[in-house]
Amino acid sequence: MKEFKAALTVGALAKAAGVGVPTLRYYERRGLLPPPRRRQSGYREYSADAVRHVRFIRHAQQLGFSLSEVEELLSLQLDPRHSCADVRTRAQRKIADIASRVENLNRMRRVLERLVEACPGDAPIRDCPILDALDDEHDTGR
């Protein structure tokens, strides 16, 4: 990983962290990224640690953590009263959440597969069983 020793502009930070400038500004507004120092010119000046910080946020998001959850993880990281068990608990919760989503996606796939199987493909659109099922007042997922 490339080390950054000098202060970074918002553009340099965005490039080094692999995000866009609007993303950095959003993180700042959300309080995920500490406010940078300002030069006399008013330009933002980020420390080298900001690259690691933004990458942490992005990696957590790639693992499915919401920005609110990332905020929690960051606050845990800064508070020495917490232990790995606190982070582990949140990761276990995320695993359960992902498992639930996968289950729901599989259920949706099965329903759509049944609908596609029921569709002859050559019927007039007014007789399409897929559209009929979507228009049905009953739950198609059970």
Side-chain angles (χ1 to χ4, degrees), residues 1-121 123 125-142:
M1 180 166 87
K2 186 176 176 183
E3 287 294 319
F4 299 94
K5 297 197 186 324
L8 301 167
T9 63
V10 69
L13 173 59
K15 184 175 180 179
V19 299
V21 171
T23 299
L24 294 177
R25 292 201 171 121
Y26 181 70
Y27 289 170
E28 276 183 45
R29 283 193 309 275
R30 288 277 316 246
L32 293 167
L33 188 60
R37 290 188 329 221
R38 295 272 183 169
R39 295 180 185 168
Q40 282 186 325
S41 63
Y43 285 102
R44 292 172 168 90
E45 194 173 65
Y46 294 89
S47 71
D49 287 342
V51 176
R52 186 184 58 78
H53 197 84
V54 173
R55 287 179 179 164
F56 177 96
I57 295 167
R58 298 300 291 164
H59 290 155
Q61 284 185 294
Q62 289 168 352
L63 290 175
F65 288 99
S66 69
L67 287 178
S68 295
E69 292 166 330
V70 171
E71 190 172 11
E72 271 186 53
L73 292 172
L74 288 167
S75 68
L76 288 174
Q77 189 178 41
L78 295 173
D79 188 344
R81 294 173 297 174
H82 291 284
S83 71
C84 287
D86 298 311
V87 178
R88 186 175 195 264
T89 297
R90 281 155 181 83
Q92 288 172 321
R93 253 190 263 150
K94 184 49 60 185
I95 290 168
D97 178 52
I98 291 168
S100 174
R101 289 179 189 202
V102 167
E103 190 176 307
N104 285 333
L105 287 170
N106 282 327
R107 181 190 53 79
M108 288 186 279
R109 180 183 44 80
R110 287 190 302 273
V111 169
L112 283 170
E113 285 172 345
R114 283 196 309 268
L115 291 173
V116 167
E117 229 175 84
C119 181
I125 194 73
R126 70 180 179 277
D127 297 328
C128 177
I130 298 171
L131 292 176
D132 287 345
L134 296 174
D135 200 25
D136 193 0
E137 293 178 21
H138 304 291
D139 183 12
T140 58
R142 310 251 178 217

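For this chain, numbers begin at 1 and follow the sequence in order.
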>> Counting only heavy atoms from other residues, nucleotides and ligands, does the tally under 6.0 Å from CZ of Arg39 exceed 12?
In response: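 Check passes, neighbour count above 12.
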
> Is Gln92 atom CD crowded by more than 12 heavy atoms from other residues, nucleotides or ligands, each under 6.0 Å away?
Replying inline: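 Check passes, neighbour count above 12.
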
Ionic contact status for [Y] with [X], cut-off 4.0 Å:
| X | Y | answer |
| --- | --- | --- |
| Lys94 | Glu69 | yes |
| Glu113 | Arg109 | yes |
| Arg93 | Asp97 | no |

> Would Tyr27 and Leu67 count as a side-chain contact (heavy atoms from CB on, under 4.5 Å) if you check the C-alpha gap in whole Å, the side-chain angles of each, and the deciding distance to 0.1 Å?
Replying inline: CA-CA 9 Å; Tyr27 289 170; Leu67 287 178; 4.0 Å; yes

Sub-4.5 Å side-chain heavy-atom contact between [X] and [Y]:
| X | Y | answer |
| --- | --- | --- |
| Asn106 | Glu103 | no |
| Arg30 | Ser68 | yes |
| Val10 | Arg25 | yes |
| Leu74 | Ile57 | yes |

Exam field: side chain [X] to backbone [Y], donor-acceptor pair closer than 3.5 Å:
| X | Y | value |
| --- | --- | --- |
| Arg38 | Gly42 | yes |
| Thr23 | Val19 | no |
| His53 | Leu32 | yes |
| Arg101 | Ala96 | no |
| Asp86 | Ser83 | yes |

Please round to the nearest 0.5 Å and tell me the distance separating atom [atom1] of [X] and atom [atom2] of [Y].
| X | Y | atom1 | atom2 | answer |
| --- | --- | --- | --- | --- |
| Cys128 | Asp135 | SG | CG | 11.0 Å |
| Tyr46 | Glu28 | OH | CD | 3.0 Å |
| Leu13 | Ser47 | CG | OG | 8.5 Å |
| Arg110 | Leu105 | CZ | CG | 10.5 Å |
| Arg90 | Phe65 | CZ | CZ | 9.5 Å |
| Leu24 | Leu8 | CG | CG | 10.5 Å |

Grab the two heavy atoms, one from [X] and one from [Y], that are nearest each other, plus how far apart they are.
| X | Y | answer |
| --- | --- | --- |
| Leu115 | Ala133 | CD2-CB, 3.3 Å |
| Ala16 | Arg55 | O-NH2, 2.5 Å |
| Leu78 | Pro80 | O-CD, 3.3 Å |
| Ala17 | Val54 | CB-CG1, 3.5 Å |
| Gly20 | Ala14 | C-CB, 4.0 Å |
| Cys119 | Ile130 | CB-CD1, 3.9 Å |

>> I'd like to check the side-chain hydrogen bond (donor to acceptor under 3.5 Å, both in side chains) partners of Asp132; sequence neighbours left out, ordered by chain and number.
In response: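 For Asp132 there are no side-chain hydrogen bond (donor to acceptor under 3.5 Å, both in side chains) partners, ignoring immediate neighbours.
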
